[in-house]
Amino acid sequence: MITLQNITKSFGSLQVLKGIDLHIDKGEIVSIVGPSGAGKTTLLQIIGTLDRPDTGSVCVDSVDITTLSQKALSDFRNRHLGFVFQFHQLLPEFTALENIMIPAFIAGTKQREAKTRATELLQFMGLSDRAHHKPAELSGGEKQRVAVARALVNNPAVILADEPSGSLDTQNKRELHQLFFDLRDRFGQTFVIVTHDEQLATLTDRTIHLCDGLIVPENTPENTDFTLPKVTDAITLGND
């Protein structure tokens, strides 16, 4: 489903990724963990077509995205990838239903079809009665579930999440974590999740440890001794 080979990325004189090789299977839920500055978000951005590597290849759903033009990348991103951020990033002037429908409209889906799909997702999320509420009228957990539904509306092959439960309380975190597995079982998506949440990392099918721009091999002393840092600072795309 996702294959990365020799991915490097530098910003000026700072090399953030130093040769990443990684394969993620279809339907796998993978967490990426590591200290701040390890390159987690940069790696997620590259997988998500939001940035290009300096070297290497990235294949997502059998497409080498490093060969695509900007226009083709935008189309691929809209149709094949879904994004969930730490802060839901819902548009405040639109209802929950309308927020979910927006990516479908960008993809050229007809209004009736987009509305039907968004309504089905709201029902799956247990939010049918909140369809016509705007973000200011929703709880934090409800906003994040709407954001997840928005990521799913075009039925993407891959869901990319950057600290998705970082702004939620304990109960809503637990519900969101379970939701990811329910969605995988229902829709078959592949999930790649950058997280500092130890509970979520231990629940995923596989945990990738990043340190100083490199993947720490499994069953090495460095990996065995690796401890997720306790952080409270908000980490969003572009700040890692």
Side-chain angles (χ1 to χ4, degrees), residues 1-2 24 26-32 40-41 43-51 60-61 65 73-92 94-109 113-128 130-131 135 138-168 172-173 175-195 197 200 204 235-238:
M1 173 54 66
I2 302 173
I24 298 172
K26 179 177 173 58
E28 195 173 12
I29 299 181
V30 172
S31 56
I32 301 176
K40 305 182 301 298
T41 294
L43 183 60
L44 198 72
Q45 287 179 318
I46 289 173
I47 296 172
T49 76
L50 298 173
D51 202 354
V60 179
D61 203 15
I65 61 176
L73 271 179
S74 295
D75 183 66
F76 181 88
R77 186 185 308 126
N78 177 251
R79 295 178 181 277
H80 296 267
L81 304 175
F83 296 87
V84 181
F85 306 100
Q86 178 174 357
F87 301 102
H88 49 81
Q89 297 187 357
L90 301 177
L91 296 178
F94 295 110
T95 66
L97 182 67
E98 291 166 341
N99 266 283
I100 296 169
M101 292 168 66
I102 288 171
F105 288 151
I106 294 172
T109 305
E113 183 180 345
K115 185 175 182 179
T116 298
R117 171 67 171 162
T119 300
E120 290 172 350
L121 287 168
L122 277 170
Q123 183 177 5
F124 184 81
M125 300 291 171
L127 294 173
S128 294
R130 313 297 279 170
L138 302 175
S139 69
E142 288 172 339
K143 291 174 187 175
Q144 198 61 307
R145 279 184 281 163
V146 171
V148 172
R150 179 184 58 189
L152 289 165
V153 71
N154 288 336
N155 195 29
V158 178
I159 300 294
L160 303 171
D162 193 16
E163 294 290 344
S165 58
S167 62
L168 301 179
N172 279 308
K173 281 185 181 182
E175 291 177 359
L176 182 66
H177 297 169
Q178 183 58 51
L179 177 62
F180 289 150
F181 289 89
D182 292 343
L183 290 169
R184 188 265 303 273
D185 294 343
R186 174 74 176 270
F187 300 112
Q189 271 96 2
T190 303
F191 283 78
V192 183
I193 306 168
V194 164
T195 185
D197 191 305
L200 175 56
T204 56
I235 298 176
T236 57
L237 279 175

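Residue numbers start at 1 and run along the sequence shown.
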Peer 1: Which atom pair, heavy atoms only, marks the closest approach of P103 to V153?
Peer 2: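 P103 and V153 have their closest heavy atoms at CB-CG1, 3.7 Å.
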Peer 1: Minimum heavy-atom separation for I193 and F180, please, with both atom names.
Peer 2: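 The answer is CD1-CD1, 3.8 Å.
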Peer 1: Do F187 and L121 have side-chain heavy atoms sitting under 4.5 Å apart?
Peer 2: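 A side-chain contact under 4.5 Å exists here.
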Peer 1: Establish, yes or no, whether the cationic atom of R150 lies under 6.0 Å from the six-membered ring centre of F85 and within 45° of the ring axis.
Peer 2: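 Cation-pi check for R150 and F85: fails.
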Peer 1: Quick check on Q178: does its CD atom have over 12 non-hydrogen neighbours (other residues, nucleotides or ligands) under 6.0 Å away?
Peer 2: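 Yes.
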Peer 1: What's the shortest heavy-atom distance between N154 and A104, and which atoms?
Peer 2: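 Nearest pair, atom of N154 first, then A104: OD1-CA, 3.2 Å.
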Peer 1: Which residue, L183, V84, V158, forms the side-chain contact (heavy atoms from CB on, under 4.5 Å) with F191?
Peer 2: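 Exactly one option meets the side-chain contact (heavy atoms from CB on, under 4.5 Å) with F191, and it is L183.
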Peer 1: Which residue pairs pass the salt bridge (charged side-chain N to carboxylate O under 4.0 Å, His left out) test with at least one member in residues 74-86, sequence neighbours excluded?
Peer 2: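 For residues 74-86: D75-R79.
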Peer 1: Quick one, L179 and R145 - any side-chain contact, counting heavy atoms below 4.5 Å?
Peer 2: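 Contact flag for L179/R145 side chains = yes.
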Peer 1: I65 versus H80: any side-chain heavy-atom pair under 4.5 Å?
Peer 2: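 No, their side chains stay 4.5 Å or more apart.
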Peer 1: Side chains of N155 and R117: closer than 4.5 Å at any heavy-atom pair?
Peer 2: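 Counting from C-beta outward, N155 and R117 do come under 4.5 Å.
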Peer 1: L160 and G48: which non-hydrogen atoms are nearest, and at how many Å?
Peer 2: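 Nearest heavy atoms, L160 then G48: CD1-CA, 3.3 Å.
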Peer 1: Quick check: does any side chain N or O of T195 sit under 3.5 Å from a backbone N or O of E163, one acting as donor and the other as acceptor?
Peer 2: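 Not a single qualifying donor-acceptor pair exists.
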Peer 1: Does any non-hydrogen side-chain atom of V148 lie less than 4.5 Å from one of L176?
Peer 2: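 Answer yes - side chains close enough.
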Peer 1: Is any side-chain heavy atom of T109 less than 4.5 Å from a side-chain heavy atom of M101?
Peer 2: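 Side-chain contact under 4.5 Å: no.
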Peer 1: With a 4.5 Å limit on heavy-atom distance, are the side chains of L138 and K143 in contact?
Peer 2: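 Yes, at least one pair of side-chain atoms sits under 4.5 Å.
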Peer 1: Can you list everything that forms a salt bridge (Lys or Arg N to Asp or Glu O under 4.0 Å) with E142? Sequence neighbours excluded, please.
Peer 2: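 Expected list: R130.
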